Amino acid sequence: MEASRESTYKQTFAKLGWVLIASQVLMMAVVWAGEELYIRWLIARDPMIGAVELMHKLQDSGVWLIVGALAGLTPCLALKLTEHPKQLPAFFGKKNQRIGGTIMVFCFLLVMGLQNIASLLTIPVEVTANLLGGSFYSAHASATAASQTVSMLLYSVLIAPFCEELMYRGFVLEYLKPYGNTFAILFAAVIFGLMHGNIIQLPMALLCGVLFGYIAVEYSLSASMILHALTNLTAEILARLGDADEVAAAGVNQALFAFGLIALFLCITKLHQPIRAYARQGYAEKKTVKLLMTSPPILLLIIYLIVLTAMSITPI
């Protein structure tokens with residue numbers, strides 16, 4: 001790779017890294033400031049409120065998560081995917097091909113299969129953590145708990161899928177697409193998985209992120225948003241069903257697991273060659289991958305997200 005092109009790549013990847021760092025910082029700052037204001041308002045309203053009740057009210061409110069997620073999108077405008085921000089809706093709204101109901105249902109079942117496979121993959125990691133004195137209990141509770149308020153449900157089912165898809169399959173993936181579709185899809189999926197900051201959600205989000213990325217590239221960003229929203233809605237329904245009737249919830253989950261495995265089996269047996277061919281076409285040069293992964297801002301971001309994920313493992 002010639003020196004001038006290498007320098008351009010370094011600047012491009014550094015810009016992406018700083019934008020993602022700014023997004024994380026702004027998101028956390030908005031959520032922290034909002035929660036501080038909310039705490040002060042609750043105390044002013046009821047000076048006798050206890051610390052436990054205060055914490056429950058804070059955890060159950062999704063208002064500031066919504067505001068923070070939307071605010072976190074603003075640094076991405078610096079990536080300048082279009083000449084003017086007003087052109088972004090049309091840019092992200094483009095459709096390469098129409099996704100039919102059959103394909104959407106198949107992809108949904110595939111997500112269910114991927115999530116259950118990811119759950120199995122975490123078992124040896126959890127056993128190892130337990131032997132070393134770590135617990136996944138808090139991570140499990142955070143990943144599987146049903147939303148307790150309308151604002152949290154709104155965040156989980158609508159705002160999070162919209163903002164996360166717009167950021168990772170929109171801004172990040174589109175920014176890296178000139179270097180190869182597979183390269184862009186995989187990097188966006190890795191950052192998306194780590195961004196959750198939860199050891200249980202990491203493998204699920206990473207695998208699903210690859211599928212969401214493929215849907216966004218080959219069909220449309222709106223299709224990946226819908227699939228993501230359906231996934232989160234299903235998780236909410238299963239969590240609520242589990243609270244009401246554990247037997248029924250287990251039956252539904254096992255049925256989805258079975259259908260998901262069938263979808264995975266069909267992918268592996270019938271579509272493995274097209275998938276391999278597609279992946280090969282979108283590979284980036286090894287030098288390009290190295291420049292991205294050794295970019296100081298990208299490294300800083302990944303290290304921070306890994307630490308955040310590791311913190312979800314609590315002492316026994």
Side-chain angles (χ1 to χ4, degrees), residues 69-70 73 76 79 81-115 154 156-189 191-193 204-237 255-256 259-284:
L70 293 170
L73 292 171
C76 295
L79 295 177
L81 297 179
T82 59
E83 292 183 4
H84 196 278
K86 290 182 179 180
Q87 297 172 323
L88 283 172
F91 178 78
F92 287 134
K94 64 182 184 294
K95 295 182 179 180
N96 295 321
Q97 56 181 314
R98 183 177 177 276
I99 185 167
T102 302
I103 296 176
M104 181 62 81
V105 170
F106 179 80
C107 288
F108 170 74
L109 292 175
L110 191 56
V111 168
M112 295 298 104
L114 290 172
Q115 287 190 335
L154 179 64
S156 173
V157 176
L158 292 178
I159 303 301
F162 171 78
C163 291
E164 290 170 6
E165 290 307 303
L166 186 56
M167 177 174 290
Y168 298 105
R169 257 64 66 179
F171 285 105
V172 175
L173 195 153
E174 289 290 342
Y175 188 74
L176 293 176
K177 264 176 67 175
Y179 307 98
N181 285 353
T182 304
F183 171 67
I185 289 171
L186 291 177
F187 179 77
I191 300 301
F192 171 68
M204 300 179 189
L206 197 157
L207 292 175
C208 291
V210 173
L211 179 60
F212 294 158
Y214 173 80
I215 295 296
V217 170
E218 294 303 313
Y219 294 95
S220 66
L221 181 61
S222 59
S224 71
M225 287 179 178
I226 292 170
L227 184 59
H228 192 157
L230 285 173
T231 302
N232 286 14
L233 177 61
T234 303
E236 287 285 350
I237 292 172
L256 288 173
F259 283 119
L261 285 180
I262 293 171
L264 267 176
F265 177 78
L266 289 174
C267 267
I268 294 170
T269 58
K270 302 293 184 181
L271 301 174
H272 68 283
Q273 290 185 344
I275 290 172
R276 287 179 64 185
Y278 179 88
R280 285 174 179 172
Q281 289 177 356
Y283 281 151

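Since we're looking at a predicted model, the values are computed, not measured.
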Interatomic distance, [X] atom [atom1] to [Y] atom [atom2] [nearest 0.5 angstrom]:
| X | Y | atom1 | atom2 | result |
| --- | --- | --- | --- | --- |
| Leu230 | Met112 | CG | CE | 8.5 Å |
| Leu73 | Cys163 | CG | SG | 4.5 Å |
| Leu221 | Phe91 | CG | CZ | 10.0 Å |
| Phe106 | Leu266 | CZ | CG | 5.5 Å |
| Met167 | Phe162 | CE | CZ | 11.0 Å |
| Arg276 | Gln273 | CZ | CD | 7.5 Å |

Identify the heavy atoms of [X] and [Y] that sit nearest to each other, and give their distance.
| X | Y | value |
| --- | --- | --- |
| Pro161 | Ser156 | CD-O, 3.3 Å |
| Leu173 | Gly213 | CD1-CA, 3.9 Å |
| Ala189 | Gly209 | CB-C, 3.7 Å |
| Gly193 | Ala205 | CA-CB, 3.7 Å |
| Ser220 | Lys95 | CB-CG, 3.7 Å |
| Tyr175 | Pro178 | O-CD, 3.5 Å |

task = State whether the number of non-hydrogen atoms from other residues, nucleotides or ligands found under 6.0 Å of Lys94 atom NZ is greater than 12.
result =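 It does: Lys94 NZ has more than 12 such atoms within range.
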request  = Give the intermediate values and the outcome of side-chain contact (heavy atoms from CB on, under 4.5 Å) for residues Ile226 and Ile99.
outcome  = CA-CA 11 Å; Ile226 292 170; Ile99 185 167; over 6 Å; no
Any non-hydrogen side-chain atom of [X] less than 4.5 Å from a side-chain atom of [Y]?
| X | Y | result |
| --- | --- | --- |
| Tyr214 | Asn181 | no |
| Leu88 | Phe171 | yes |
| Thr231 | Gln115 | yes |
| Leu227 | Leu211 | yes |

query = Does the ring pair (Phe, Tyr, Trp, His ring centres under 6.0 Å) test come out yes or no for His228 and Phe192, once each step is laid out?
reply = CA-CA 12 Å; His228 192 157; Phe192 171 68; 5.7 Å; yes
inquiry  = Donor-acceptor pair, distance only, cut-off 3.5 Å: does the side chain of Asn96 make one with the backbone of Val217?
reply    =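 At least one qualifying donor-acceptor pair exists.
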ask   = Quick one: does Gln97's side chain have a donor or acceptor within less than 3.5 Å of a partner on Glu218's backbone?
value = yes
